[in-house]
Amino acid sequence: MRVFIVGLLFFPLIVFAQHQLQGTIVDSKTKEPLAFVNIVANNQHIGTTTGINGNFNLNSPEPIHQLKMSYVGYEPQEIEVTNQKNILIELKKTSYELTEFVVLPGENPAHRIINKVVENRKIHNPEKSLDFKYESYSKMYFTGVVDSAIQYNPKKILELDTNDQKVIKWLDKHHIFMMESVTERKYKQPDKSYEKVIASRVSGLKNPTFSLLATQFQSFSFYNPTINVLEKSYLNPISVNSINKYLFIIEDTAFSELDTVFIISFHPLKGKNFDALKGLLYVNTDGYALQNVIAEPFVQEEGIAIKIQQKYEKIEGSWFPIQLNSNVLFNNAQINNFKIMGIGKTYLKNIQINPEISNKEFSYIETEIDMDATKKD
């Protein structure tokens, strides 16, 4: 009888045991992490996507023995992963250009999905539907861009002049410039906002105003009619009537627990002249909300190229941004023969949805820097 009772106690653990696989997916040449790669396990509807840093964590009720990866612009790949717990996967870029999409008579199937996203944009826009609080950690660093064909080939490096060799060796261990900050923000409908920098470090400098730079490259949310990138406004692909200006194509589908995620590419229609973006929208059928975004200006500003990424999660029943990334390439700024790139990452944590916030907690000051910000460890 005791054996039977013990068996019953452990039975739920056996039934609900999860098999777990962790890993990272990177570009095979540059070794840069790939965000939002679609992953399916065992050829079934068990899957996930990589995070902004290329990492993934896959849970399955059965042993995981096979993975299938798909990513726009890269070759699909299937691999065996039996008995592995952590894995590094490299994807190769396609060696061909995507064929031009021809619009045939009838409705573009992507339009139905995009129209639903547009209908729900105010519901999912935190600054239009919620009061909230959060803490954020931002880090931005600047480094030199070394061609991957050289960086990972010692023979190629030895063919360079000695100055370039020294720069590559130095860049391997150092950043040119770096800044970090921790902020607290609270927001109350309809437009009361207050953000305080409570800790700041700027690469040897004590002026904390630089610490805000990492958060200024892109809009906090991808739901406003226009999206700000490097202080320039672009028409949002999920604004009203956007299907008359942007071309949308369903590139892939992924699975997120019980929901489907549609991966939709977008770029301006031919003959349309406006400040446009291009990229990918990952639309979750749970509320037809954005789960991930990759975007960049269709026409980059002279001398500067920028790409942004956003990741959302459902918190207390509401979709909310949890990570924002910005990569900025300065074509006209170099260290020796290597262009300079800025890489910014902002992580949101301790997010509170609809907390009690008094109007007295706000004033005409929207952003403030704590006097002891630079003294924090």
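- N125 and N224 share a side-chain donor-acceptor pair at under 3.5 Å.
- Between the side chains of N59 and Q20, at least one donor N or O lies within less than 3.5 Å of an accepting N or O.
- When all heavy atoms are compared, the tightest approach of Q309 to I52 is OE1-CG2, 3.5 Å.
- Separation of atoms NZ (K345) and OG (S136) is listed at 15.0 Å; rounding is to 0.5 Å.
- Using a 4.0 Å cut-off between charged nitrogen and carboxylate oxygen, E90 and K29 do not count as a salt-bridge pair.
- Considering every non-hydrogen atom in both F56 and T49, the closest pair reads CB-O, 4.2 Å.
- Partners of E127 by salt bridge (Lys or Arg N to Asp or Glu O under 4.0 Å), not counting sequence neighbours, listed by chain and number: R185.
- Relative orientation of the W170 and H174 rings is parallel, given thresholds of 30° and 60° on the angle between their planes.
- Judged by the 6.0 Å distance and 45° axis criteria, K128 is not positioned over the aromatic ring of Y223.
- Using the six-membered ring where Trp is involved, Y74 and Y71 have ring planes that are tilted, between 30° and 60° apart.
- Residues F248 and F262 keep their aromatic ring centres 6.0 Å or farther apart.
- Ring centroid separation for the pair Y194 and F362 does not come in under the 6.0 Å cut-off.
- The other members of the hydrophobic cluster of V299, by chain and number, are F298 (side-chain heavy atoms under 4.5 Å, ILVMFWY only).
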Identify every side-chain donor-acceptor pair in residues 286-293 under 3.5 Å, counting partners at least two apart or on other chains, and give the distances.
residue, atom, partner, partner atom, Å
D286, OD1, K314, NZ, 3.1
D286, OD2, K314, NZ, 2.9
Q291, OE1, N284, ND2, 2.6

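- Under the 30°/60° scheme for interplanar angles, the aromatic rings of F132 and Y187 are found to lie parallel.
- Placement of I353 and I357 in two distinct hydrophobic clusters is found when ILVMFWY residues are connected by side-chain heavy-atom separations under 4.5 Å, directly or transitively.
- Nearest heavy-atom pair across L91 and E75 is CD2-O, 4.3 Å.
- Looking at every heavy atom in both residues, E356 comes nearest to E361 through O-OE2, 4.3 Å.
- Taking each heavy atom of S138 and T346 in turn, the nearest pair found is OG-OG1, 2.9 Å.
- Closest approach of N86 and L21 over heavy atoms only: N-CD1, 4.1 Å.
- Between Y137 and Y347, the ring planes lie parallel to each other; the angle is under 30°, not in the 30° to 60° tilted range.
- In terms of modelled atom types and a separation under 3.5 Å, the side chain of N53 and the main chain of T24 share no donor-acceptor contact.
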